[in-house]
Amino acid sequence: MTPPTVDTALLQRAAADIARSRRTLALTGAGISVESGIPPFRGKGGLWEKIDPMKYAHIDALVKDPETVWRVLIKDMKEVLDRARPNDAHRGLARLEEMGLLQTVITQNIDGLHQAAGSRDVIEFHGSFARQRCMDCGRKMATADVELHELPPRCRCGGVLRPEAIFFGELIPPEHLLRSQQLAAACDTMLVIGTSAVVQPFASLPVIARGAGATVIEINPEKTPLTGEISDYLLAGKAGQVMRALVDIIEKELRETRP
Ligand code: NAD
Ligand code: ZN
């Protein structure tokens, strides 16, 4: 079955908004990585249907019983994330940055796929799963290099390793929050891709942008709580498909105007 085509008039409008904008930001969530084979957490088929996040993705659970949290949550995530590769949406954002049309990506994702696609200015709002940190001595190592012979895996000092991602009950690094809020208040176009925008404080960023007069464009196959309230319009479709079409239009227009 061929996927439904994205509304061409809206794509043209988005291309024009981005080309005209002096400061464009992208906000991304789990949906941008679905086409890379990483399922989202919420909704049908999501991880939170199978396991209770407050039981297994809370910092208290990790501290009290790291073996169970590794066995139920982190081990499977590592297997999925070790295999995942960027898709056209991650690549499209990297291309926009390269063309000077995108300032920063602010992501809720922990999969490292924006950097893998070539994006340079990425704020990892919820930290990263690409690195592990020893809970005793603080030593860091790449998640891909961690072997799972025993659970939980341990540092050479004997301490337990944990992902450098934020668990429930942990603080967003204040410097990430502050810089994200400043960028949102100063942008004139914001792309909100693959996020239902219900997890705070990330969800407040489109509201800040809109309040400061920015154009807010959503890319998502479904409507979200932002749609019709905060966002100006929704490019309905999968992130990879929409971003590929959008970047194609922008590149074509740039070739015509800057030969
Ligand atoms: P979420 O609530 O933001 O929901 C995912 C959104 O993606 C939904 O709005 C859905 O309609 C949309 N979506 C689904 N398929 C899509 C596609 N192909 N293209 C574009 N959009 C699509 O996210 P969540 O799953 O509830 O995650 C909550 C938290 O967990 C966030 O911090 C999230 O980043 C994190 N998480 C990260 C990863 C990852 O790193 N890849 C994966 C799962 C969850
Ligand atoms: Zn250690």
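What you are looking at is a predicted structure, and each value in this text was computed from that prediction instead of being measured.
One finds a salt bridge joining K252 and E256 here, because a Lys/Arg side-chain nitrogen approaches an Asp/Glu carboxylate oxygen to under 4.0 Å. With respect to D76 and K50, no salt bridge is recorded, no charged nitrogen being found less than 4.0 Å from a carboxylate O. Between K238 and E35 no salt bridge is recorded (no basic side-chain N to carboxylate O distance below 4.0 Å).
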Quiz prompt | side-chain contact (heavy atoms from CB on, under 4.5 Å) between M243 and R95, intermediate numbers included | solution = CA-CA 10 Å; M243 279 303 295; R95 181 76 186 113; over 6 Å; no
Practice problem: Kindly determine whether R13 and D232 satisfy salt bridge (Lys or Arg N to Asp or Glu O under 4.0 Å), including the steps that lead there. | Solution: CA-CA 11 Å; R13 181 173 166 193; D232 290 84; 5.2 Å; no
Practice problem: Please lay out, stage by stage, how D111 and S33 fare under the test side chain to side chain donor-acceptor pair (under 3.5 Å). | Solution: CA-CA 8 Å; D111 54 33; S33 296; 2.6 Å; yes
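Within the 4.5 Å cutoff, no side-chain heavy atoms of K64 are placed close to those of H58.
Residues Y233 and L226 fall into different hydrophobic clusters, defined by Ile, Leu, Val, Met, Phe, Trp and Tyr side chains chained together at heavy-atom separations under 4.5 Å. L73 and V199 fall into different hydrophobic clusters, where Ile, Leu, Val, Met, Phe, Trp and Tyr are joined by side-chain heavy atoms under 4.5 Å apart, directly or via other members. Residue I110 is not grouped with residue I166 when hydrophobic side chains (ILVMFWY) are merged at heavy-atom distances under 4.5 angstrom, including chains of intermediate members. If you chain together hydrophobic residues whose side chains sit under 4.5 Å apart, I51 and V63 fall into the same group. Hydrophobic clustering of Ile, Leu, Val, Met, Phe, Trp and Tyr side chains at less than 4.5 Å, counting indirect connections, unites L177 with I208.
The minimum heavy-atom distance linking F167 with Y56 is given by the pair CE2-O, 4.3 Å. Smallest separation of non-hydrogen atoms from D145 and M141: O-CE, 3.9 Å. Listed here is the closest heavy atom pair of E97 and G118: OE1-O, 4.4 Å. Taking every heavy atom of both residues into account, C155 and C137 meet most closely at SG-SG, 3.8 Å. Closest non-hydrogen pair, A26 versus L93, comes out as CB-CD2, 3.9 Å.
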Distance-only check: which donor-acceptor pairs under 3.5 Å involve side-chain atoms of residues 183-194, not counting sequence neighbours?
{"from": "D188", "atom 1": "OD1", "to": "S21", "atom 2": "OG", "distance (Å)": "2.5"}
{"from": "D188", "atom 1": "OD1", "to": "R22", "atom 2": "N", "distance (Å)": "3.2"}
{"from": "D188", "atom 1": "OD1", "to": "R23", "atom 2": "N", "distance (Å)": "3.0"}
{"from": "T189", "atom 1": "OG1", "to": "S21", "atom 2": "OG", "distance (Å)": "3.4"}

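In this structure, the separation between CH2 on W70 and NZ on K78 is 7.0 Å, given to the nearest 0.5 Å. Going from atom CD of Q115 over to atom CG of D121 covers 10.0 Å, rounded to the nearest 0.5 Å. Taking CG of L205 as the reference point, atom CD of Q200 lies at 8.5 Å (rounded to 0.5 Å). If you take CD1 on I32 and CG on N87, they are separated by 6.5 Å, rounding to the nearest 0.5 Å. Here CG of L27 is found 8.5 Å from OG1 of T107. Values are rounded to the nearest 0.5 Å. Taking OG from S196 and CD from Q108, the interatomic distance works out to 7.5 Å, rounded to the nearest 0.5 Å.
In terms of modelled atom types and a separation under 3.5 Å, the side chain of R210 and the main chain of I230 share a donor-acceptor contact. Without hydrogens or angle criteria, T24 side chain to L102 main chain gives no donor-acceptor distance under 3.5 Å.
In this pair, F125 and F202 present their aromatic rings perpendicular. The plane angle is above 60°, beyond the 30 to 60° band.
Residues that satisfy the side chain to side chain donor-acceptor pair (under 3.5 Å) test with E170, not counting sequence neighbours, are R162. Residues satisfying the side-chain contact (heavy atoms from CB on, under 4.5 Å) test with A84, not counting sequence neighbours, are I38, L113.
When the options L161, D82, I74 are evaluated for a side chain to side chain contact (heavy atoms under 4.5 Å, CB included) with V146, the one that passes is L161.
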